[in-house]
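Worksheet for the structure shown next.
Note that ligands are numbered from 1 as they come in the structure, with each ligand's atoms numbered from 1 the same way. Treat the numbers as computed from the prediction; the structure is a model and nothing was measured. Basis for what follows: all heavy atoms, side chains included, without hydrogens, waters or symmetry-related copies.
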Amino acid sequence: MSEKALSMKEYIDEAEAALLHTYNRYQVVLDKGDGVYLYDMEGKKYLDFCAGIAVFALGYNNREYNDALKAQIDKIIHTSNYYYNVPAVEAAVKMKKVSGMDRVFFTNSGAEAIEGALKAARKYAYLKDGRTDHEILAMEHSFHGRTFGALSVTGNPHYREAFEPMIGNIRFAQLNDFDSVLSQVTDKTCAIIMETVQGEGGIYPAQEEFLKKVRALCDEKDILLILDEIQCGMGRTGYMYAWQRYGVKPDIMTTAKALGCGVPVAAFLMTEKVGAHSLTSGDHGTTYGGNPLACAAVSKVLDLFEKDNIIDNVRQVGAYLEEKLAALVDNYDFIEAHRGVGLMQGMVFSIPVGDIISRALEKGLILINAGTNIIRFVPPLVITRENVDDMIVILRDCLDEVKIS
Ligand SMILES: Cc1ncc(COP(=O)(O)O)c(C=O)c1O
């Protein structure tokens, strides 16, 4: 590549020539961000209702967050898990406090957190009966990531098919259908895994009664309940973790995305019961997971959540967003419904939403889909009512255009 800065179009051409084609990217090179706005290389401003897929909770260019990262870079970026480092200790203590869980293992991505959670569950069961044929029960329409373990428990055959065989001994049940869970549980089941609110699968919250029944079943049979909070966690539903809304505590949970607000970091956490009877020295590891830079991010993110009352904002603005989306459902016959919790909302269309999302981008609004016919609203958690109003104006424009065409 030449020394001279390229135009936006030229960067896109370079990208298409250099990167593996696993994404159909929009024709935009994003260059910088500020609060809830992003700017492309040509200076065009976008209101962001995607937040890097539910990641940038605090908004872009947050001064305190940036300063904390810069200070850590000047101290030390990486050590190794053979030594202790202060940011990891501080981050783990804060995570225990907000989650009520007892043990933390840091990873680099959500999928890796899922891998660790599955390994912990299998080891827990193995230590009980020495068997090596345990089963894991997952949910249809779920999404847990792209690595083999995570893919194996992802309830959408489309993601799995070309990569079969999966890890094996995985069964699927329907979310919010307790009978279907009962029909799939056997004496080999060691864990039940689900997202507390399904994200990619179409914004489906697990219902209170269902969660409580699954929890009771797990208690009765000593099956571990794994809640994937990678997308719905970190304040997005108006609770630090979505399961806290109903008080249905998992044995193992995963968290990522907004945990580092852009620095790649995730974690799986467990209760003392599981911690004491599962993974032990030599069972699991990672080079980068829990390094000082990533954990300085986690630590600062958790401080800012508290200081800036992020969860209160989610509750207030989330309710407002829901109200505004409900009003749209009544106005357009191609909108079927909306559903969601807090600032994790989905709008269900009877038509594919790709065209609407492209039109929005053109008009300076970033939205994403969940499947072909759902628009997902997962903005930074610092958005205001005014931002919601601005978003609705642009969205309405797009919907009106689609209605006419
Ligand atoms: C619920 C859920 N679990 C797991 C993952 C995988 O996380 P990552 O992309 O960081 O590997 C995602 C990613 O979107 C997710 O939404």
Using a strict cut-off of 4.0 Å, indicate which atoms of ligand 1 neighbour a heavy atom of [X].
X    : value
E200 : 14 (O)
Q231 : 16 (O)
E195 : 1 (C)

query = Between the side chain of D228 and the main-chain N/O of I193, is any donor-acceptor distance below 3.5 Å?
reply = no
message = Please check whether A111 reaches ligand 1 - meaning an N/O of the residue sits under 3.5 Å from an N/O of the ligand, judged on distance alone.
response = yes
inquiry  = Using side-chain heavy atoms (C-beta onward) and a distance below 4.5 Å, is I368 in contact with F49?
reply    = no
inquiry  = Going by a strict under-4.0 Å cutoff (protein heavy atoms only), does atom 14 (O) of ligand 1 have a neighbour on the protein?
reply    = yes
ask   = Hey, does D228 sit under 4.0 Å from ligand 1 if you only count heavy atoms?
value = yes
request  = Answer with yes or no whether K257 contacts ligand 1, where contact means a heavy atom under 4.0 Å from a ligand atom.
outcome  = yes
query = How close does the nearest protein non-hydrogen atom get to atom 8 (P) of ligand 1, and which residue and atom is it?
reply = G110 N, 3.5 Å
Residue part near ligand 1, for E112, under 4.0 Å between non-hydrogen atoms = neither
request  = Tell me which one of E229, M194, H144 gets a heavy atom nearest to atom 4 (C) of ligand 1.
outcome  = H144
task = Kindly check if the number of other-residue, nucleotide or ligand heavy atoms within 6.0 Å of CZ (R171) is above 12?
result = yes
ask   = At what distance, to the nearest 0.5 angstrom, does CD of E229 lie from NZ of K257?
value = 13.5 Å
task = Could you label the plane-to-plane angle of the Y124 and H277 rings as parallel, tilted or perpendicular, counting under 30° as parallel and over 60° as perpendicular?
result = perpendicular
ask   = Do the rings of F334 and F349 sit parallel, tilted or perpendicular, given the 30° and 60° boundaries?
value = parallel
ask   = Is it true that the side chains of T286 and E112 contain a donor and an acceptor less than 3.5 Å apart?
value = no
